[in-house]
There are 4 protein chains.
Amino acid sequence: MTIQLGANQYGKAETRLVHVTRGAEAHEIVDLNVSTALSGDLADTHLTGDNAKVLPTDTQKNTVFAFAKEHGVGEIEDFGLKLARHFVGTQEPIHRARVTIEQYGWERIDVDSSPAPHSFQRTGRETRTAMVTVDNSATTDGERAWVVSGLKDLVVLNTTDSEFWGYPKDRYTTLPETHDRVLATAVNAQWRHVDADSDWGKSYDAVRKHLTEAFATTYSLSLQQTLYAMGERVLQHCPEIAEVRLSLPNKHHFVVDMEPFGLRNDNEVFFAADRPYGLIEGTVVQDTAPEPGLAW
Amino acid sequence: MTIQLGANQYGKAETRLVHVTRGAEAHEIVDLNVSTALSGDLADTHLTGDNAKVLPTDTQKNTVFAFAKEHGVGEIEDFGLKLARHFVGTQEPIHRARVTIEQYGWERIDVDSSPAPHSFQRTGRETRTAMVTVDNSATTDGERAWVVSGLKDLVVLNTTDSEFWGYPKDRYTTLPETHDRVLATAVNAQWRHVDADSDWGKSYDAVRKHLTEAFATTYSLSLQQTLYAMGERVLQHCPEIAEVRLSLPNKHHFVVDMEPFGLRNDNEVFFAADRPYGLIEGTVVQDTAPEPGLAW
Amino acid sequence: MTIQLGANQYGKAETRLVHVTRGAEAHEIVDLNVSTALSGDLADTHLTGDNAKVLPTDTQKNTVFAFAKEHGVGEIEDFGLKLARHFVGTQEPIHRARVTIEQYGWERIDVDSSPAPHSFQRTGRETRTAMVTVDNSATTDGERAWVVSGLKDLVVLNTTDSEFWGYPKDRYTTLPETHDRVLATAVNAQWRHVDADSDWGKSYDAVRKHLTEAFATTYSLSLQQTLYAMGERVLQHCPEIAEVRLSLPNKHHFVVDMEPFGLRNDNEVFFAADRPYGLIEGTVVQDTAPEPGLAW
Amino acid sequence: MTIQLGANQYGKAETRLVHVTRGAEAHEIVDLNVSTALSGDLADTHLTGDNAKVLPTDTQKNTVFAFAKEHGVGEIEDFGLKLARHFVGTQEPIHRARVTIEQYGWERIDVDSSPAPHSFQRTGRETRTAMVTVDNSATTDGERAWVVSGLKDLVVLNTTDSEFWGYPKDRYTTLPETHDRVLATAVNAQWRHVDADSDWGKSYDAVRKHLTEAFATTYSLSLQQTLYAMGERVLQHCPEIAEVRLSLPNKHHFVVDMEPFGLRNDNEVFFAADRPYGLIEGTVVQDTAPEPGLAW
């Protein structure tokens with residue numbers, strides 16, 4: 001038996017960058033959480049502690065800040081690509097860089113019903129995400145890039161048009177069938193782009209719209225059916241998307257039994273439970289999409 | 001020396017209630033986190049384990065659900081008053097009830113630019129709160145009630161119009177004075193009402209508006225100054241409010257030093273720090289307000 | 001109506017200090033989370049933004065670090081007293097300082113069954129706390145000090161010797177009485193010392209021991225009874241303690257109903273619920289204790 | 001273009017199970033967080049909402065509780081295997097089951113220096129984990145099983161014997177080289193077993209011991225070197241382990257600069273930072289190990 005180093009990467013996680021564009025009329029802000037991870041010819045530092053090929057994670061952090069100054073931020077997919085290409089392009093031993101970004105939403109505060117020029121409040125809605133991978137290890141292809149966009153913690157709820165019945169019953173099954181239930185989830189979605197070049201912001205808005213519209217308009221016999229409808233709707237309308245991955249916790253809302261109180265609860269009063277929760281995970285793909293490669 | 005029971009209370013914390021009003025045209029939802037706490041003649045259970053005066057916390061939880069069915073929820077201040085009066089009014093040994101409620105915001109999902117009738121998304125903005133106290137222990141006054149409304153986790157940020165200078169310097173002071181900084185905080189505010197009867201929803205909207213407008217429009221020499229301006233603005237415009245208490249973490253945004261990179265950072269790129277953080281806490285009161293009594 | 005500034009304080013919260021004592025044979029570490037809050041003659045900064053009396057929170061943070069270097073840390077009560085006295089004693093407008101400290105436990109890693117000299121692992125058990133208040137606003141008393149020690153997140157569980165019955169039943173009561181249940185809580189306790197001078201470490205160990213022993217050995221008819229027994233035991237054995245305040249969430253462990261599976265569950269299998277939870281809060285005091293003053 | 005369902009699974013996440021063994025002399029407890037995930041012939045529910053092949057996640061939860069009663073829990077790897085084999089073996093459309101378990105540590109409370117028979121406190125140290133996968137989709141192999149054990153949130157710290165220097169410097173590098181630093185991390189480790197049959201408890205204790213001993217005794221020139229040493233030590237001593245995966249956040253402890261205070265800080269006083277943090281991830285494998293298959 002010999003012991004070997006396997007897959008590895010290192011980087012700086014969760015650099016909290018706020019970028020202000022100080023326009024003459026008004027300011028803009030972008031609020032990000034940026035993580036970088038590099039891999040390549042890194043055996044030395046693992047085996048002997050020789051760091052000659054290890055760009056410090058502190059430098060990676062500095063680079064995130066410096067690039068925001070030098071290039072601005074723009075769409076997070078572009079910012080991620082710029083950073084990833086920089087690390088792969090300037091550090092000879094580094095063959096692959098993955099940059100993962102979370103973006104927090106802000107909107108202007110209204111003063112006397114007009115948007116203030118330099119005052120903001122967090123929207124608190126979903127977090128927009130991007131995961132960008134750049135690799136130059138394939139000798140023939142030169143540098144390749146993959147972009148996965150996403151969102152997380154988009155909490156949605158339908159008060160009706162959801163059923164669940166017709167499932168197998170075994171010895172341990174006690175769940176009653178239902179023909180009307182609350183369906184709620186916190187959407188965590190990631191979608192892979194066909195190309196590493198797109199109108200990212202426009203694409204994001206479209207995907208978000210199709211995800212929520214599909215959630216709202218699908219008469220649901222299972223959360224799996226809703227999940228598939230959400231992914232399908234995105235692929236139908238957004239040809240720039242090759243694949244959608246969804247992870248949907250079933251945030252159970254249990255009808256409170258009011259018979260002991262002599263009351264009839266017609267799906268009006270619910271207990272919102274924390275744990276356990278159903279977890280439905282699935283992928284929807286278009287068959288002509290390019291291979292995922294190193295995207296995930 | 002003898003040992004005695006001092007102040008005590010008990011109740012059910014964090015009952016997660018979702019209430020759906022199933023209108024013919026559209027549904028409405030209310031999403032609450034309700035905590036109840038009762039006090040009174042409770043020495044027996046502490047000293048001997050005799051529970052004859054201890055309405056179970058499980059019953060308190062059931063009552064929260066049942067009241068949502070029987071009376072609807074409405075404004076959280078009213079819902080809290082109803083619950084608190086019930087416990088004090090029906091349990092002879094219970095002399096005081098405090099009900100604390102958090103309300104999470106939801107908005108309709110748009111489908112084809114129209115609001116969907118029974119599909120919702122969490123707004124994710126601030127949490128609205130209410131703390132209601134009802135007491136009947138004073139023999140002459142009968143039952144008294146106090147209402148404190150509030151909000152928490154309203155994250156706001158000004159990109160300019162904030163300075164901090166002119167402070168004392170001692171041996172341990174290294175902070176440079178600044179005449180232009182980012183000022184950001186997560187507003188946690190509670191305001192005491194003059195009466196236990198008000199147009200709660202309208203009052204909430206007004207207070208929220210005045211808090212954010214004061215934050216946005218105050219040229220700030222210290223977060224303390226901003227805090228006072230926020231409370232003052234509320235009291236100036238909302239005569240139904242007796243007192244405002246604010247707890248404002250100073251969410252530091254540090255200008256990244258880019259001189260080592262040969263770059264000049266003109267308050268454009270910031271590192272958003274987690275800990276430590278300044279914490280500014282203060283109260284603004286109107287002098288003709290009634291005494292707080294048991295409100296807090 | 002005029003509007004006034006009421007109670008206020010400001011400071012630096014959650015300064016994460018790790019102090020290493022580098023002994024010849026072995027190192028020691030202390031891991032703290034320190035928060036400072038100052039109050040006094042602070043109207044100017046609130047009303048006009050004049051900061052001449054506002055020692056920056058950044059300086060307060062620096063002072064925490066510097067004092068660890070200059071004086072060492074020792075017991076957290078002593079460290080808090082030193083800091084609080086410094087702020088009150090050196091800043092003329094500051095009349096009161098409160099220092100709140102959390103201490104995280106570490107133990108040595110064993111190597112070949114012997115404790116390593118400079119390698120540690122977090123114990124992960126309860127967090128030890130101290131809250132120290134120093135005030136010099138009373139003209140006749142000079143400087144006064146109060147010390148409250150505590151612990152939090154000490155999770156304990158009895159698998160038997162707990163009952164709950166004999167409680168009032170109203171229309172909303174559905175809880176069945178039980179003569180054998182699991183009783184679990186996360187102990188959050190604070191105890192006020194008679195004097196601001198004590199053998200803090202020895203006292204902490206004794207209080208912790210009596211709290212857990214009382215929890216373990218009290219045959220419990222209610223969590224209130226257990227709470228009182230815990231406080232009483234501390235006061236009986238620790239004359240340096242004037243008062244104990246306990247906040248005990250009832251971490252419900254529900255017996256899973258296995259009748260539908262044809263199984264009999266004799267208090268063997270439990271579902272550990274998150275929310276809602278009972279919350280039992282109470283104080284146990286010795287009647288000859290000095291007044292609490294500004295301790296809390 | 002056609003749209004297709006890709007990889008998918010569903011199950012019940014975070015079933016919080018506490019199991020009590022009520023021995024004549026003393027009780028034992030096991031405290032778990034169990035998640036199940038099933039995959040197989042599940043296209044119908046996604047495409048049409050036909051749930052005939054969808055064993056409810058509620059039933060999966062019930063099965064977790066029932067199996068604890070019927071079979072006891074024992075080692076979490078065995079409990080996971082029993083559950084996974086049950087789902088694959090009894091649900092014809094289900095070809096693969098993954099069971100992920102977290103185990104929280106408890107120890108007895110001492111009363112008069114003797115362990116109490118039915119009173120416990122949470123240890124709060126690392127969480128032990130297991131991830132078990134059972135698959136019968138390969139027609140020739142019958143049912144196959146993989147076991148990955150692990151731990152997370154084991155927080156460790158060396159106060160010395162750590163250096164970091166000799167790294168590349170680019171335009172954005174500002175980090176000074178150091179020949180003596182604090183090295184701290186929260187160990188998240190998973191290790192794949194050669195067989196789905198082992199003395200799990202004994203193996204866990206050995207792996208934990210070797211991880212911590214390697215952390216403590218490795219003179220470290222980089223966290224990567226420490227990571228490799230930890231994995232290597234496990235594989236050298238535990239032939240039952242095929243592969244170790246480690247994810248080590250570099251919990252930065254920055255030396256506080258005390259020159260402005262006229263003090264010299266000889267690696268005694270540190271600021272423990274939250275974010276950003278380095279994140280070092282790597283795998284150590286033995287070359288004769290079987291292929292990982294579906295283990296991860």
Side-chain angles (χ1 to χ4, degrees), chain B residues 1-16 42 45-47 49-52 54-59 61-63 66 90 164-168 170 172-175 221-222 224-225 227-228 232 235 243 249-250 275-288, chain C residues 1-16 42 45-47 49-52 54-59 61-63 66 90 164-168 170 172-175 221-222 224-225 227-228 232 235-236 243 250 275-288:
Chain B
M1 179 189 86
T2 58
I3 293 171
Q4 295 174 329
L5 178 65
N8 63 86
Q9 63 179 5
Y10 82 104
K12 190 65 108 191
E14 303 206 33
T15 295
R16 291 282 291 106
L42 293 167
T45 185
H46 289 88
L47 301 181
D50 179 342
N51 295 312
V54 179
L55 187 73
T57 68
D58 189 76
T59 300
K61 174 202 70 181
N62 286 349
T63 307
T90 62
F164 189 57
W165 51 269
Y167 42 79
D170 71 4
Y172 304 114
T173 302
T174 57
L175 185 77
L221 299 174
S222 69
Q224 285 90 333
Q225 189 184 19
L227 179 151
Y228 187 79
E232 184 184 42
L235 294 182
E243 172 187 359
N250 193 340
R275 295 191 294 183
Y277 51 93
L279 184 58
I280 313 299
E281 300 168 283
T283 304
V284 188
V285 292
Q286 49 138 303
D287 62 351
T288 57
Chain C
M1 179 188 87
T2 57
I3 294 171
Q4 298 175 327
L5 178 66
N8 64 85
Q9 63 179 4
Y10 81 104
K12 191 65 111 191
E14 303 208 34
T15 295
R16 292 282 291 107
L42 293 167
T45 185
H46 289 87
L47 302 180
D50 178 343
N51 295 311
V54 180
L55 187 74
T57 66
D58 188 77
T59 300
K61 173 201 73 180
N62 285 348
T63 308
T90 63
F164 189 56
W165 51 269
Y167 43 77
D170 71 5
Y172 304 113
T173 302
T174 57
L175 185 77
L221 299 174
S222 69
Q224 285 90 332
Q225 189 185 20
L227 179 151
Y228 187 80
E232 183 184 45
L235 294 181
Q236 283 169 341
E243 174 188 357
N250 193 341
R275 294 191 296 182
Y277 51 92
L279 183 57
I280 313 300
E281 300 168 283
T283 304
V284 188
V285 292
Q286 49 139 306
D287 62 351
T288 57

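Lettering of chains follows the sequences in order, A, B, ..., and the numbering in each one begins at 1.
Heavy-atom pairs under 4.5 Å with chain C peak, among B:Asn250, B:Thr15, B:Val54, at B:Val54. For the set B:Leu5, B:Thr2, B:Thr288, B:Leu175, the entry with the most heavy-atom pairs within less than 4.5 Å of chain C is B:Thr2. Chain B forms the most heavy-atom pairs under 4.5 Å with one residue out of C:Asp287, C:Leu55, C:Thr63, and that residue is C:Asp287. The greatest number of non-hydrogen atom pairs below 4.5 Å with chain B, out of C:Thr174, C:Leu221, C:Thr59, is found for C:Thr59. Looking only at heavy-atom pairs under 4.5 Å with chain B, the residue among C:Asn62, C:Thr283, C:Leu42 that has the most is C:Thr283. Chosen from C:Gln224, C:Glu243, C:Arg16, the residue pairing most often with chain B at heavy-atom distances under 4.5 Å is C:Gln224. Counting heavy-atom pairs closer than 4.5 Å to chain C, the top-ranked of the candidates B:Pro56, B:Pro249, B:Ala66 is B:Pro56. Options C:His46, C:Gln286, C:Glu281, C:Lys12 differ in how many heavy-atom pairs under 4.5 Å they form with chain B, and the most are formed by C:His46. Contact count versus chain C (heavy atoms, under 4.5 Å) is highest, among B:Leu227, B:Val284, B:Thr90, B:Asp50, for B:Val284. In terms of heavy-atom pairs under 4.5 angstrom with chain C, the leader among B:Gly166, B:Ala13, B:Gly282, B:Gly6 is B:Ala13. Interface remark: of the candidates B:Ile280, B:Asn8, B:Asp170, B:Leu279, B:Leu279 forms the most heavy-atom pairs closer than 4.5 Å to chain C.
Of all heavy-atom pairs spanning B:Pro168 and C:Ala52, the tightest one is CD-O, 3.4 Å. Taking every heavy atom of both residues into account, C:Thr173 and C:Tyr167 meet most closely at CG2-CE1, 4.2 Å.
Contacts of B:Lys61 with chain C are made by side-chain atoms alone, with heavy-atom separations under 4.5 Å and no backbone atom involved. When heavy atoms are compared at a cutoff of 4.5 Å, B:Thr57 approaches chain C solely by way of its side chain, counted from C-beta outward. B:Asp58 touches chain C through its side chain: at least one heavy atom from C-beta onward sits under 4.5 Å away, while N, CA, C and O do not. Contacts of C:Gln236 with chain B are made by both backbone and side-chain atoms, with heavy-atom separations under 4.5 Å.
At least one donor-acceptor pair closer than 3.5 Å links the side chain of C:Ser222 to the backbone N or O of B:Thr45. No donor-acceptor pair closer than 3.5 Å links the side chain of B:Asn51 to the backbone N or O of C:Phe164.
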